[in-house]
Amino acid sequence: MSSDNRFDPASADARWQNVWEQAQTFRADSGSPKPKSYVLEMFPYPSGRIHIGHVRNYTMGDVLARYKKATGHEVLHPMGWDAFGMPAENAAMEKGVHPGGWTRDNIEHMKAQLKRLGFALDWSRELATCDQDYYGHEQALFIDLFEAGLVYRKESEVNWDPVDMTVLANEQVIDGKGWRSGAEVEKRKLNQWFLKITDFAEELLDGLGGLENWPDKVRLMQENWIGKSQGLEFSFDLSNGDKLPVYTTRPDTIFGASFVAVAADHPVARGIDSEEAREFIALCKKGGTTAAELETAEKLGFDTGITAKHPFTGADLPVYIANFVLMDYGTGAIMAVPGHDQRDFEFATKYGLPTPRVVAPSLDDADKPFDGEAEAGEGVIVNSDFLDGMEVEEAKRAIIARIEEQGRGAGKTVWRLRDWGVSRQRYWGTPIPFIHCKSCGVVPAPKESLPITLPEDVDFQTPGNPLLRHPTWKDVECPKCGGKAERETDTLDTFINSSWYFLRFASQPADKPFDAEEVAKWMPVEQYIGGIEHAILHLLYARFWTRALAHMGQLEVKEPFASLFTQGMVTHETYSRKDGGKTVYFAPDEISREAERALLKDDGGEVDIGRVIKMSKSKKNVVDPDTIVDTYGADAVRWFMLSDSPPERDLPWSEAGIEGCSRFVHRLWRLFGSYDANAAAEDKALARKTHQTIAAVAEDIEALSFNKAVARIYELTGAVEKAPASASRSHAVRSLVQLVAPMMPHLAEEAWAAMGETGLVSDAEWPKVDPAMLVEDEVTIAVQHKGKLRDTLTAPKGASKEDLEAMALASEKVQRSLDGAEIRKVIVVPDRLVNIVT
RNA sequence: GCGGGUGUGGCGGAAUGGUAGACGCCGGGGACUUAAAAUCCCCUGUCCUUUGGACGUGUGGGUUCGAGUCCCACCACCCGCACCA
């Protein structure tokens, strides 16, 4: 190898990608006796092009997968496509193409883009969720869940766009109007399919405790989402003869209840026969739901004239309709305790209702006035008859026991988590495998009839669900009675597609969704990597689906992802100009960036440099992976993705940064070119540095601290460059090739081959570390006077405290600083420092 | 409002309670070259009375021989949830 040959990524990248493909280097063998490692990144939606965030995500997983392979693991590192969803239908409507064709074209393009980055993927397991083969098995699983009692139908409200004749997701409703049609959105009741995720609420909550290798943030978000609360449900007797159940988490404050409130949708509210009541209810419904509106929303109420009898005092409490009470939590009605709940406090203040104190710092404070707000904290119970003097928790237990004795109610756990509505009135999704028969009702499709495939001949130019509109698709015989029946025309939420794809990657039999034994060899996923935006929905649904399958005996594993890592975004500064009142943005490739300013290539004029923010099309601060791979090669791009920023934080893309990475690729190539297999001398210091670096990089990769691994590689590179030829140096160069192999695999293969190695570096074992070489025999000791650094000195490793103290006191700089002061104490930390206290 | 996170040079960031600023980027100077590119070398936290010294990790306190790191209070920014009784 000659060092004046520049490394040429344009030819090397493709050449090695080809070699790996021919040799099936990254094919996962489930029969291998090696320990298994399943590395998975969240699979992409085939939107058309890979974006830089994908590159970062898959590079991280790739480094880990390659490292695991080098350290003796059989690695499963697959890739596929989350291929159902709305953008395909939107494209169909806008461009007149078929969603399937559009999706498959995108997949083809994106796959080619991914391949150019040289990821160590087992492409033989590639799948797309829009493949019949995939969604047919999904239909079977859905029927299994139905038979296990985990699927049901219920009438439920949806956002209906009357122009597009379609159901809209909440985020498609903008200011009460459909995002596409602009039509006023209506609430409609539709019969929809639900999954009983609430049956698993307790399990899903408890299971979080076992996920030590998940970010705390994600666990907390899920915990809050599941939202367990424990309290009391009991009924008030109303003056109109009805009973009104309420739910409270503070039963201990029951003697402080001064009114009762119901939601605007509550039957009690609807039952009030007065024009004013109806007007008030309408007003409540109109109220906005945005954050700002809720923040400032005034508590409003309407006195129904009905009263509720307090179960212990017998007092008649007024019953209000209140705008702050939610119908879909608890019972839709509350006992209001103004003294100890801020919302109730505001309401009581507004309507002049009493605010009794029932919790106080001590029994002596029973009459202490409130200081303009409710006191929700701990204390002892006062003014509460038989509860007086008890602590809050004790009082809760006492009151629940008393209510239960009376047969008036019971302790109850309430969850915030709702059942998962999975019906979508859409074409591009998994058809729900059910049949509606006039005489037999809702009947699951026979498993032999699966997959129920989507019809190809559909029309997207007319509004509404194409499946519903299709002339023949829904006509079918009832599997039970053989009579005329209709297929379900709803399709499944795409989150179902992503709730089990990791199982199908692990095992792909033709006749069933997966083979349990085969799956058991790989699952759980050892390391899952993806964006924080999936912290709740995808990750909770996948956990639920996995547990549901385990519950049905189809799987052993209960938690699909042993470790989770959520990576940061790739960001970029923005370039803009004010044009009248408008801000016009420019793309990075329209700009020439200088140290202090940015110029528009077109006219040479200056543009404003904006904040470094998430890449987005509207701000034009995007870079295209293809372009940068063309310019710098895959290895430089991969290296950039791993450098500088810790992987969980945002990574600012910069032209200068990628240039630096590209320079380093070539610098390494020159260094590798200096490899001399025959050098003989020993260089102990360099050998030590090499072993230390190998150990540290391994540790960093395992901790996913790629930025630190990168820094260590830079350091070793610098040291090797300066070192004269020796056997140690040759070993260092060879080791460097292996250390960078997971990150810059093309360069590493090229160098490995040039060094005369016969196999692939991708198949090579991680370099061995000699533990004896990790220990230095000389250390630098810091010498402080009263905690301030005065000198450093070199001492043999393990020098005695006495020796170190003597050496420190011998220092001229230290003596100058001491200036004859009396030494009170000397602290010696062996191999670290000496601190002289005067 | 509730919950969580983050604050260190011009920038991205290192740092088991023990030499703050590793490593990279930017910037400055130099070598090589007719010139440029590429490459290599040196400098690069602030300030001062510069072979030395003071200050310095958002702010103010505290613990300690010693604090970026631990404790208390506060400030700023970011993220999630949102009237959940």
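Per chain, numbering begins at 1; letters A, B, ... match sequence-line order.
Between the side chains of A:Asp419 and A:Thr198, at least one donor-acceptor pair of N or O atoms lies under 3.5 Å.
Between A:Ser229 and B:A85 there is a side-chain polar atom (N or O) within less than 4.0 angstrom of OP1 or OP2. Remark: A:Arg816 is not in phosphate contact with B:U51, judged by side-chain N or O atoms under 4.0 Å from OP1 or OP2. For the pair A:Arg6 and B:A38, the criterion of a side-chain N or O lying under 4.0 Å from OP1 or OP2 is not met. Between A:Arg670 and B:C40 there is a side-chain N or O to OP1 or OP2 distance below 4.0 Å. Proximity of A:Arg663 to the phosphate of B:C26: a side-chain N or O atom is located under 4.0 Å from OP1 or OP2. Taking 4.0 angstrom as the limit, A:Asn707 places a side-chain polar atom (N or O) nearer than this to OP1 or OP2 of B:A14. Between A:Lys708 and the phosphate of B:A14, there is no side-chain N or O to OP1/OP2 separation shorter than 4.0 Å. Contact annotation: A:Lys788 side-chain N/O to B:C55 OP1/OP2 distance is under 4.0 Å.
Going from atom CG of A:Asp216 over to atom CD of A:Glu223 covers 10.5 Å, rounded to the nearest 0.5 Å.
When ring centroids are compared, A:His340 and A:Phe370 come within the 6.0 Å threshold.
Relative to the side chain of A:Leu789, the nucleotides B:C65, B:A20, B:A14 differ in distance, and B:A20 lies closest. Side-chain proximity of A:Lys825 to the nucleotides B:C83, B:A20, B:C65 is greatest for B:C65. Among the nucleotides B:C83, B:C40, B:C81, the one closest to the side chain of A:Lys299 is B:C83. Checking B:G12, B:U19, B:A85 against every side-chain atom of A:Ser645, the shortest atom distance belongs to B:G12. Among B:G7, B:G18, B:G24, the nucleotide with an atom closest to any side-chain atom of A:Asp644 is B:G24.
Distance A:Lys786 NZ to B:G18 P: 22 Å, rounded to the nearest Å.
Ring-plane geometry between A:Tyr247 and A:Tyr329 is classed as perpendicular, the angle between the planes exceeding 60 degrees on a 0 to 90 degree scale with a lower cut at 30.
RNA chain B lies under 4.0 Å from at least one heavy atom of each of the following residues of residues 217-228 of chain A: A:Lys217, A:Leu220, A:Met221. Applying a 4.0 Å cut-off to non-hydrogen atoms, the residues of residues 710-723 of chain A that approach RNA chain B are A:Ala711, A:Tyr714, A:Glu715, listed by residue number. For residues 326-341 of chain A, proximity to RNA chain B is found at A:Leu326, A:Tyr329, A:Ile334, defined as any non-hydrogen atom under 4.0 angstrom from a strand atom.
Comparing the P positions of B:C47 and B:C79 gives an interatomic distance of 35 Å, to the nearest angstrom. Atom name P, nucleotides B:G29 and B:C77: the rounded distance is 39 Å, in whole Å.
Between the side chain of A:Arg250 and the base of B:A85 there is no donor-acceptor pair of N/O atoms closer than 3.5 Å.
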